[in-house]
Amino acid sequence: MFAALVAGIAVPSTALADETADQDAPKVDLVLDVSGSMRARDIDGDSRMAAAKQAFNEVLDATPEEVRLGIRTLGADYPGDDRKKGCEDTAQLYPVGPLNRTEAKTAVATLTPTGWTPIGPALLEAADDLEGGNGSKRIVLISDGEDTCAPLDPCEVAREIAAKGIGLTIDTLGLVPNAKMRVQLSCIAEATGGTYTSVEHTDELTDRVNQLVDRAADPVVVPKAVDGADACAKAPALESGLYTDREEFGQQRWYRVDVLPGWELRASVSVAADRRVGPSYGLSLRAVTASGREIVRGEATGNGRTDVISTGLRYPKAELEDVDDDTDLKGAGETVCLQVTHSFSPADGVKTTPGLPLELTIDVVEGPDAASDVASFGLGRGWWLLGVLVLAGFLGGLLWGWLSRWRIAVWRTN
Amino acid sequence: MWISSVLRTRRAAAGAVTAGLFLLLGGTASPSVADSSPSAGPSDDGDAPTEAGTSFRTATEIEQGRKATAGASTGDYLYWSFPADSGQRPTVRAKVKLPDAARSSSTWQIDVYDGLRRRQACQYGAQTRTAGTDAGSVDLSCTLRTVRAWSEPWANDPLPGTYYVRLTVTDLETADLGLPVDTEVRVDSKDAGGSAAVDGSLAEPLVPGVAMATDEEDEDDSDSSTAVLSSLEPDDGWASGWWSDRWVWTAVGGVLAALAGVGGYALTRGPGRPSRVPPPSS
């Protein structure tokens, strides 16, 4: 029996363990704006370019060994007025790979502020730079002006990159930003679950980029992409693990999990708001039997600014009464359908595709639980308990005494 | 002769009552003594985390009773996670040092989620606070309900496991977006003792990824660089959940009941003893 249990534990969930065990090195691509406006001398009395160079030198020194770091520039080469050409101006300054600090620093030193600000194309190229491997991927975008290459909205570019499911985060830093730039850069960050920072001083820039590179170096569980269906019958079967999916507005996502008797299903789901959404929103996760009966649900509602809304549920499946053989257990597994619906509404003028990113954690653990009483082991506590017990004991003693006296009296008279 | 025997019984009874009460008081007192420093972590914050995560998945793990700090930008969503065990009532306190350059007021909020990422209600504490333009810092706090060892699957009572703290600004002018802030988070908990001891227990604490973690332990002795969703445990491991001071109360109650029974019995034998019965010969 014990061996069977151990085997049972090992069965449902090796997929993720294997994935994380041999994770590739984290990759970071620093994307630096080298457009003409970087000449402005307004960071600690020095030019923005000088500040960026100084920060890069310090970051390159502090980069952890395991991080594969690359540098990409935008607007570094084409000084002319041709918009089309200017908007294609992005180049890989230092390829993503094991870092040679001296070479990278030399490459950075050659940069002079030149051209346009093609953020969108640069992000697309940077995503290509980072392609491959299952480690964490991060783009750090440092810019001092909004994108000058409309209609390609860099914010939508970022969302599309994130939707590719390669687990990429974009962090943005704005050098001496104005309002429009703040909105655009924070939109890019929001679209991928990254962060936005305004920079007014060189040391802020250094600290923040260092922090972001260090974050990339932290090992993190990489979720597995899965494609939920619109009905339970067609839903993909999941085991214990971490999954991602996309769910459009007004859509339902279904997944299936097999739960053996005596095991407990734990599911949590979070849907991220990666674009501007309406102020009120909600999320529901329902566990439903194959025949459509609802077992348990998790609900969440929210208001105002948020990155994510999440909820979860657990479903302990009762143990079977008369089973002592593992083979019997196999057939007794129940298919639980998980339905995810969110009630985010898109803000005006926001693209609705791809859907919002959804993260699903499934844990199937052994041993359902049950309680036979409200209190621990049915034990009592408190002065009332003592009072009642003492009173009952006293009355019992009294009764016993009288009874025995009466018995003796009866015996005597006979 | 019977008088001396009754006396002896009485003395014994009195002794037993004293002992029982002593046991009772000692029994109830000892957990509370232990509770006065429930999360008595080391007071030095030398190796406390100085970073915060930015999502549930990347949440920085912190221990109870220890101050974690993180530098961030306004508008970031900062995540920490901490373990809480049954009988504890955690209080999360956060402090945000606002940027000097802030031009308008901002509203800050902490939210606490359990291991299933269900939002947990705060019993009291200033969970949301608006800071004016001239405020230097904001203090937030959230006291959760007492963590129970077990609850029905349909309830969202706090259960033993991982808890997530999310700190963010909920209302901010665009002009103040991305400014540097310093944040501090600290979780302390008070032990509720036996009054919160419920029956039943979870098979595994509500730790995300616990099914995967147990696998890995089975397969190979864990490689510390391997990423897991949550790895932190309480200082002394997860409580097995069988001990509570209810055992002491009930046991003492039983002893007192027995003594009261003896007392009651003795009373019927006392002055009202039939005079015809000859005293037992010694």
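Computed from a predicted structure; not experimentally measured. Just so we're on the same page: letters track the sequence lines, and every chain starts at 1.
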Exercise for the section: Apply the salt bridge (charged side-chain N to carboxylate O under 4.0 Å, His left out) test between B/Arg148 and each candidate in B/Asp157, B/Asp85, B/Asp199; give the one that qualifies. Expected result: B/Asp157

Exercise for the section: Identify which part of B/Leu206 has an atom lying under 4.5 Å from any heavy atom of chain A, answering side chain, backbone, both or neither. Expected result: both

Completion exercise
Of the listed A/Gly304, A/Ser136, A/Gly382, A/Gly387, the one with the largest count of heavy-atom pairs under 4.5 Å with chain B is A/Gly382

Completion exercise
Checked B/Leu177, B/Thr74, B/Asp114, B/Thr170 vs chain A; the most non-hydrogen pairs under 4.5 Å come from B/Leu177

Handout entry: Check: B/Gln109/B/Gln127 side-chain N/O donor and acceptor closer than 3.5 Å
Key = no

Problem - Intermediate values then yes/no, salt bridge (Lys or Arg N to Asp or Glu O under 4.0 Å), B/Arg166 and A/Asp307 - result: CA-CA 10 Å; B/Arg166 184 184 77 165; A/Asp307 57 340; 2.6 Å; yes

Practice task
Could you look at B/Ala52 and say if it's the side chain, the backbone, both or neither that has a heavy atom under 4.5 Å from chain A?
Solution key: backbone

Completion exercise
Honestly, the part of A/Val374 sitting under 4.5 Å from a heavy atom of chain B is backbone

Problem - Closest-packed option against chain B by number of heavy-atom pairs under 4.5 Å, given A/Thr197, A/Val390, A/Asp363 - result: A/Asp363

Practice task
Against chain B, label A/Arg314 side chain, backbone, both or neither, depending on which of its atoms sit under 4.5 Å from a heavy atom there.
Solution key: both

Exercise for the section: Quick one: pull up CG in A/Leu386 and OG1 in B/Thr250 and give me the separation to the nearest 0.5 Å. Expected result: 8.5 Å

Problem - Interchain contact, B/Glu152 with chain A, by part (heavy-atom threshold 4.5 Å) - result: backbone

Exercise for the section: Name the option with the most non-hydrogen atom pairs under 4.5 Å to chain B; the candidates are A/Ala267, A/Gly378, A/Ser372. Expected result: A/Ser372

Completion exercise
Note: vs chain B, highest number of non-hydrogen pairs under 4.5 angstrom among A/Gly174, A/Ala179, A/Gly302, A/Gly380 is A/Gly380

Exercise for the section: Looking only at non-hydrogen atoms, find the nearest pair between A/Tyr196 and A/Arg182 and report the distance. Expected result: OH-CG, 3.3 Å

Practice task
Identify which part of A/Thr361 has an atom lying under 4.5 Å from any heavy atom of chain B, answering side chain, backbone, both or neither.
Solution key: side chain

Handout entry: Residue part contacting chain B, namely of A/Ile309, when any heavy atom lies under 4.5 Å
Key = neither

Practice task
Hey, could you give me the CG/CG distance between B/Leu167 and B/Leu78, rounded to the nearest 0.5 Å?
Solution key: 5.5 Å

Completion exercise
Among B/Val207, B/Thr168, B/Thr174, B/Asn156, the residue with the most heavy-atom pairs under 4.5 Å to chain A is B/Thr174

Exercise for the section: Could you tell me how the ring of B/Tyr113 sits relative to the ring of B/Phe56: parallel (under 30°), tilted (30 to 60°) or perpendicular (over 60°)? Expected result: perpendicular

Problem - Winner by heavy-atom pair count (cut-off under 4.5 Å) against chain A, out of B/Gly200, B/Gly253, B/Ser73, B/Ala203 - result: B/Ser73

Exercise for the section: Tell me, out of A/Ala375, A/Ala189, A/Ala392, who's got the most heavy-atom pairs with chain B below 4.5 Å. Expected result: A/Ala375

Problem - Electrostatic pair A/Glu359-B/Arg57, nearest N-O below 4.0 angstrom - result: yes

Practice task
Under 4.5 Å, counting heavy-atom pairs only, tell me which of A/Leu313, A/Leu391, A/Ile362, A/Val183 racks up the most with chain B.
Solution key: A/Leu313

Practice task
Among the options B/Ala258, B/Pro180, B/Ala175, B/Ser201, pick out the one with the most heavy-atom pairs lying under 4.5 Å from chain A.
Solution key: B/Ala175

Exercise for the section: Report the C-alpha separation of A/Lys317 and A/Glu264 in whole Å, then their side-chain angles, then the decisive distance to 0.1 Å, and conclude whether the salt bridge (Lys or Arg N to Asp or Glu O under 4.0 Å) test is met. Expected result: CA-CA 6 Å; A/Lys317 186 163 167 58; A/Glu264 180 177 305; over 6 Å; no

Handout entry: Per-residue contact mode, A/Arg208 against chain B (heavy atom under 4.5 angstrom)
Key = side chain

Handout entry: Residue, of B/Gly71, B/Ala149, B/Pro208, that accumulates the most heavy atom pairs under 4.5 Å with chain A
Key = B/Gly71

Practice task
Answer with yes or no whether the side chains of A/Ser270 and A/Ser310 bring together a donor and an acceptor at under 3.5 Å.
Solution key: no

Exercise for the section: Please tell me if the side chains of B/Arg119 and B/Asp111 come closer than 4.5 Å, counting only heavy atoms from C-beta onward. Expected result: yes

Problem - Flag side-chain contact, heavy atom, 4.5 Å: B/Val165 against B/Ser81 - result: no

Exercise for the section: Examine whether an atom of A/Thr169 lies under 4.5 Å from a heavy atom of chain B, and if so say whether it belongs to the side chain, the backbone or both; otherwise answer neither. Expected result: neither

Exercise for the section: Please state whether the side chain, the backbone, both or neither of B/Ser195 comes within less than 4.5 Å of a heavy atom of chain A. Expected result: both

Handout entry: Shortest non-hydrogen contact from B/Gly194 toward B/Asp245
Key = CA-OD1, 3.1 Å

Exercise for the section: Report the option among B/Gly53, B/Gly75, B/Gly115 that has the most heavy-atom pairs separated by less than 4.5 Å from atoms of chain A. Expected result: B/Gly75

Handout entry: Note, B/Val169 side chain near A/Arg305 side chain (heavy atom, < 4.5 Å)
Key = yes

Completion exercise
Applying a strict 4.5 Å limit to non-hydrogen atoms, the region of B/Tyr164 in contact with chain A is neither

